Amino acid sequence: MGIVRTEESDRREIEELRRMLVSVHRRKDDEDFRGTRLLSNDEDQEEKVVCVTSGVSFLGLAIVNRLLLRRYSVRIILDNQEDVEKLRELENRGEMRTNNNNVSVITAKLTQVEDLVQAFDGCRGVFHTSAFSDPAGLSGYSKSMAEIEVKAAQNVVKACARTPSVRNCVLTSSLLACSWRDGAAAQDLSPVVNHDSWSDESLCINKKLWYALGKLKSEKAAWKLAEGSGFKLATICPGLITGPDFIDRNPTATIAYLKGAQEMYTNGVLATVDVMRLADSHVCLYEEMNKTASGRYICFDRVIESEDEAEKLAKEMGMPVNKLCGNACENIPCHFKLSNKKLTSLMSRTIRTCYNQS
């Protein structure tokens, strides 16, 4: 029989974990929620305080570590008990930089705008990595989770707009928000899938592509709310996120992303991106938002276009290759061509100061 946990016991465990991970100097009156305030008297340091939602996810952790390397002060939002346990595991494995005064842990529900406003207070930027998993651990990414993701994105944008210190927000969307277009009407569509492309919502619903639908609707909702809000929004639309043990460390998103993989392969839009390259892209985009960077950016480093490439990806995942490209994995004419030219151009301008720095 499982142990029934109370909200108070969860809160105590989070507070204990916070004490383990950071050197904390908290004001007494916000000890129950606000977390560590990391601002110093140095103005430059004030400019480098940021918040990362789902900071213990596969992508979130990579972004946090990249930010720390670039001397940011990072607030990690914990939303649930699973996040607490994951952070403890990361600390035990040495993947989280413990006893680091530039890291703080804060509790905030993505379902509560007021929680997020308090969490974002004092931060110049927010990274919303949109990492969700099935609470029951059974059904993967469901239709109801798509609606949860939309609501969370709306709440993050509303909170950014209500927090005077926040100037920029980078939201992680997905290539799936760009690439699911009606192949039957290919002659009426541009053959290039890029940052101007949007998936067809009705197509996603008809094919029950709930992950694609969640990313599509949440990104559109974020853009709508961000208009005239007083802060700057940019979005990154990555391919399937890969990296060390990605299928074990990011199972919900990986499996959900690959629903419809055979059709994506046929259409030439099945692509992947290494998690560290993606994290670099997030940080570089954020830094360039104070200059000219804006809008949407597609991010991938490999397009699966041949049997050899499909076999390699299938091997990395421990699955039969025909799950990715059907019974006839072979070089075939593609309906569409992916383009990440906008992001490549941005990265090439900033490569010496940001990209690939470690």
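Keep in mind that this is a model prediction, so the values were computed, not measured.
Checked against side-chain hydrogen bond (donor to acceptor under 3.5 Å, both in side chains), Ser144 has the following partners two or more places apart in sequence or in another chain: Ser142. Judged as a ring-ring contact (aromatic ring centres under 6.0 Å, His included), and not counting sequence neighbours, the contacts of Tyr211 are Tyr141. Under the rule for a side-chain hydrogen bond (donor to acceptor under 3.5 Å, both in side chains), the partners of Asn290 that lie at least two apart in sequence or sit in another chain are Asn168. Residues that satisfy the ring-ring contact (aromatic ring centres under 6.0 Å, His included) test with Tyr72, not counting sequence neighbours, are absent from this structure. Thr129 is linked by a side-chain hydrogen bond (donor to acceptor under 3.5 Å, both in side chains) to nothing, counting only residues two or more places apart in sequence or in another chain.
When side chains are defined from C-beta on, Ser229 does not count as touching Leu225, because their heavy atoms never get closer than 4.5 Å. For the pair Met276 and Arg66, the minimum side-chain heavy-atom distance is below 4.5 Å. Taking 4.5 Å as the limit, some side-chain heavy atom of Val126 sits within range of a side-chain heavy atom of Val156. With a 4.5 Å cut-off on side-chain heavy atoms, Leu176 and Met264 count as touching.
Ser104 and Arg75 share no donor-acceptor pair across their side chains, judged by distance under 3.5 Å alone. If you check the side chains of Asp200 and Ser202, you find a donor sitting under 3.5 Å from an acceptor. A donor-acceptor contact closer than 3.5 angstrom is absent between the side chains of Thr172 and His128. Side-chain atoms of Ser281 and Arg277 include no donor-acceptor pair closer than 3.5 Å.
Under the 4.5 Å side-chain heavy-atom criterion for ILVMFWY residues, a single connected hydrophobic cluster contains both Tyr257 and Ile205. Transitive grouping of hydrophobic side chains (ILVMFWY, heavy atoms separated by less than 4.5 Å) keeps Leu233 and Val283 in distinct clusters. Hydrophobic clustering of Ile, Leu, Val, Met, Phe, Trp and Tyr side chains at less than 4.5 Å, counting indirect connections, keeps Val150 apart from Leu203.
For Ser179 (side chain) and Val269 (main-chain N/O), no donor-acceptor pair under 3.5 Å exists by modelled atom type. Here the side chain of Thr344 pairs a donor or acceptor atom with the backbone of Asn340 at under 3.5 angstrom. Judged by distance alone, with hydrogens and angles left aside, the side-chain atoms of Ser199 form a donor-acceptor pair with the main-chain N or O of Trp180 at under 3.5 Å.
Nearest heavy-atom pair across Pro238 and Ser173 is CD-O, 3.4 Å. Contact between Ile106 and Ala119 at its shortest, heavy atoms only, is CD1-CA, 3.7 Å.
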Decide salt bridge (charged side-chain N to carboxylate O under 4.0 Å, His left out) for Glu316 and Arg302; before the verdict, give the C-alpha distance in whole Å, the side-chain angles of both, and the deciding distance to 0.1 Å. CA-CA 14 Å; Glu316 291 171 0; Arg302 178 174 55 159; 3.3 Å; yes

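Salt-bridge formation is detected for the pair Arg167/Glu47: a Lys NZ or Arg NE/NH1/NH2 atom is positioned less than 4.0 Å from an Asp or Glu carboxylate oxygen. Salt-bridge formation is not detected for the pair Glu201/Lys220: no Lys NZ or Arg NE/NH1/NH2 atom is positioned less than 4.0 Å from an Asp or Glu carboxylate oxygen. Between Lys217 and Glu149 no salt bridge is recorded (no basic side-chain N to carboxylate O distance below 4.0 Å). By the 4.0 Å N-to-carboxylate-O rule, Glu309 lies too far from Lys315 to be salt-bridged with it.
Put simply, the residue from Leu240, Leu278, Leu338 that forms a side-chain contact (heavy atoms from CB on, under 4.5 Å) with Phe300 is Leu338.
Sorted by first and then second residue, the ring pair (Phe, Tyr, Trp, His ring centres under 6.0 Å) pairs with a member in residues 219-246 form an empty list; sequence neighbours excluded.
A distance of 7.0 Å separates CG of Leu346 from OG1 of Thr292, quoted to the nearest 0.5 Å. To the nearest 0.5 angstrom, Asp115 atom CG is 9.0 Å from Ile77 atom CD1.
Judged by a 6.0 Å distance limit and a 45° cone about the ring axis, Arg296 is positioned over the six-membered ring of Trp198.
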